[in-house]
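Shown next, in structure tokens, is the structure this report addresses.
Here the structure is a predicted model, which means the values were calculated and not measured. Letters go in sequence order (proteins before strands), and every chain restarts at 1.
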Amino acid sequence: MGIADRKNREKQALRERILGAARRIVMRDGFAALSMRKIADAIEYSPATLYLHFASRDEIARALCEEGYAQLLGSFAPLAQIADPRERLHALAHAYVGFGREHAQTYRLIFMENPSYTGAALGGAKKEGEADDDAGDAAFRLLTDALAALKADGRVPADADPATWAEALWATLHGIVALSLTCPVFPHAPLETIVDTTFDAWFGAPSAPARARGGKPVDAGPAAPAASPATRAAARSRKPKAPSS
DNA sequence: GTAGATCGGCAACTCAAGCT
DNA sequence: AGCTTGAGTTGCCGATCTAC
């Protein structure tokens with residue numbers, strides 16, 4: 001412990017203050033309102049000082065994306081323990097859409113602002129104990145693992161590629177979030193209902209016990225999964241296809 | 001009415017100089 | 001010596017003007 005250590009701590013602390021101020025501005029006013037001068041004003045330093053800690057405004061934005069994506073992954077972590085793959089996917093979908101709505105500015109910044117920000121988030125926000133692959137892989141694997149398990153159970157077509165299905169499912173969920181953030185008239189139904197309906201369309205209605213475990217009302221009548229696109233696809237033995245928009 | 005030129009404001013970024 | 005700053009440069013963008 002010496003002078004160099006103290007200076008490193010102070011440098012790190014200032015970096016955190018910069019990120020904190022930037023985060024507050026983005027949360028309050030949106031990314032478009034984020035400027036180096038506003039950040040500098042907020043932390044009571046000159047704009048030039050910011051460039052000693054971050055090369056550019058973009059670098060600050062990318063750091064915020066990494067933070068936000070790590071937060072999203074954190075919300076997924078406890079759901080990965082759910083044993084039933086359909087329930088797990090269902091919970092992940094609700095968590096994803098919920099995050100998008102509750103952290104709208106963060107979600108916009110990560111996925112709707114700049115492709116390089118998305119890349120930084122997916123590649124940079126590593127979770128504890130996951131040094132070998134990037135955060136994007138970690139999230140994606142949650143989806144592919146669940147889909148592979150559903151495939152093994154015969155709940156998705158035998159020729160389904162879990163990775164392709166995972167991409168399609170992610171794209172669907174992103175569409176739900178993006179529309180809810182940008183389209184004032186979407187959705188008419190509650191978002192939870194939209195997610196549930198999407199799941200029923202993809203995988204068929206869940207069994208009554210599964211719904212009950214998920215806190216949803218138990219239907220009086222029998223479940224009718226045979227009407228789902230997934231099971232129809234299985235019956236026709238054709239390639240999987242995401243629902244068209 | 002439209003397209004191009006000009007202007008002004010704003011923000012990112014740089015740098016020389018002062019401060020501790 | 002290293003840090004911080006104010007002033008300055010550069011570039012972008014929207015508003016306004018002007019010629020056709």
Side-chain angles (χ1 to χ4, degrees), chain A residues 1-76 96-128 130-131 133-140 167 170-187 191 245:
Chain A
M1 288 296 182
I3 294 170
D5 291 331
R6 175 180 57 79
K7 286 190 176 296
N8 275 337
R9 285 197 303 275
E10 288 173 356
K11 196 175 173 73
Q12 187 60 34
L14 184 51
R15 184 185 162 91
E16 291 302 320
R17 282 182 68 192
I18 292 168
L19 280 180
R23 194 183 310 116
R24 283 190 293 277
I25 292 167
V26 170
M27 295 300 134
R28 190 181 63 233
D29 305 322
F31 178 67
L34 181 68
S35 74
M36 299 300 267
R37 293 181 187 196
K38 281 185 186 173
I39 298 170
D41 281 347
I43 63 171
E44 298 175 321
Y45 278 82
S46 76
T49 298
L50 304 186
Y51 292 95
L52 298 174
H53 299 269
F54 294 92
S56 65
R57 177 174 176 266
D58 269 358
E59 192 175 309
I60 293 176
R62 281 191 278 269
L64 290 179
C65 283
E66 287 182 24
E67 277 187 4
Y69 196 71
Q71 191 181 355
L72 175 61
L73 282 182
S75 70
F76 284 171
Y96 185 90
V97 173
F99 178 90
R101 290 297 297 178
E102 288 167 27
H103 307 279
Q105 297 295 358
T106 302
Y107 188 89
R108 283 175 186 269
L109 184 58
I110 296 172
F111 293 111
M112 300 168 69
E113 193 66 46
N114 182 323
S116 79
Y117 298 168
T118 309
L122 298 185
K126 288 183 174 59
K127 289 169 68 183
E128 294 284 340
E130 286 187 342
D133 61 358
D134 63 35
D137 286 342
F140 196 63
E167 285 182 340
W170 192 339
T172 300
L173 296 173
H174 172 72
I176 292 171
V177 176
L179 271 176
S180 75
L181 294 181
T182 60
C183 182
V185 297
F186 178 89
L191 268 181
S245 56

Enter the distance from [X]:[atom1] to [Y]:[atom2] here, rounded to the nearest 0.5 Å.
X       : Y        : atom1 : atom2 : result
A:His53 : A:Ile18  : NE2   : CD1   : 5.0 Å
A:Met36 : A:Arg57  : CE    : CZ    : 9.0 Å
A:Arg62 : A:Asn114 : CZ    : CG    : 7.5 Å

Roughly how many Å is it from [atom1] in [X] to [atom2] in [N], rounded to a whole number?
X       : N      : atom1 : atom2 : value
A:Glu59 : B:dA12 : CD    : P     : 15 Å
A:Met36 : B:dA12 : CE    : P     : 7 Å
A:Lys38 : B:dC10 : NZ    : C1'   : 11 Å
A:Leu34 : B:dA12 : CG    : C1'   : 12 Å
A:Ile60 : B:dC13 : CD1   : P     : 9 Å
A:Arg57 : B:dA12 : CZ    : P     : 6 Å
A:Asp58 : B:dC13 : CG    : C1'   : 13 Å
A:Ile18 : B:dC13 : CD1   : P     : 13 Å

Quick one, which residues of residues 19-27 of chain A touch DNA chain C with a heavy atom under 4.0 Å?
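Residues of residues 19-27 of chain A that come under 4.0 Å of DNA chain C do not exist, since none gets that close.
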Has the side chain of A:Arg108 got a donor or acceptor atom that lies under 3.5 Å from a matching backbone atom of A:Leu181?
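Present.
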Donor-acceptor pair, A:Arg101 side chain versus A:Ser180 backbone, under 3.5 Å?
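Yes; at least one donor-acceptor contact below 3.5 Å.
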Ring centres under 6.0 angstrom apart (A:Tyr69, A:Tyr117)
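No, ring centres 6.0 Å or more apart.
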What does the list of N/O pairs under 3.5 Å between the protein and nucleotides 4-6 of chain C look like, with a distance for each?
residue : atom : partner : partner atom : Å
C:dT5   : OP2  : A:Ser46 : N            : 2.8
C:dT5   : OP2  : A:Ser46 : OG           : 3.4
C:dT5   : OP2  : A:Thr49 : OG1          : 3.0

Identify the two heavy atoms, one from A:Leu50 and one from A:Ala40, that lie closest to each other, and give their separation to 0.1 Å.
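Closest heavy-atom pair between A:Leu50 and A:Ala40: CD1-N, 4.0 Å.
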It should be established whether A:Arg37 places a side-chain nitrogen or oxygen under 4.0 Å from OP1 or OP2 of nucleotide B:dA11.
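No, outside the criterion.
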Evaluate A:Leu64 against A:Thr106 for side-chain contact (heavy atoms from CB on, under 4.5 Å), listing each step before the verdict.
CA-CA 8 Å; A:Leu64 290 179; A:Thr106 302; over 6 Å; no
Quick check: do A:Leu14 and A:Leu52 have side-chain heavy atoms less than 4.5 Å from each other?
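Not in contact.
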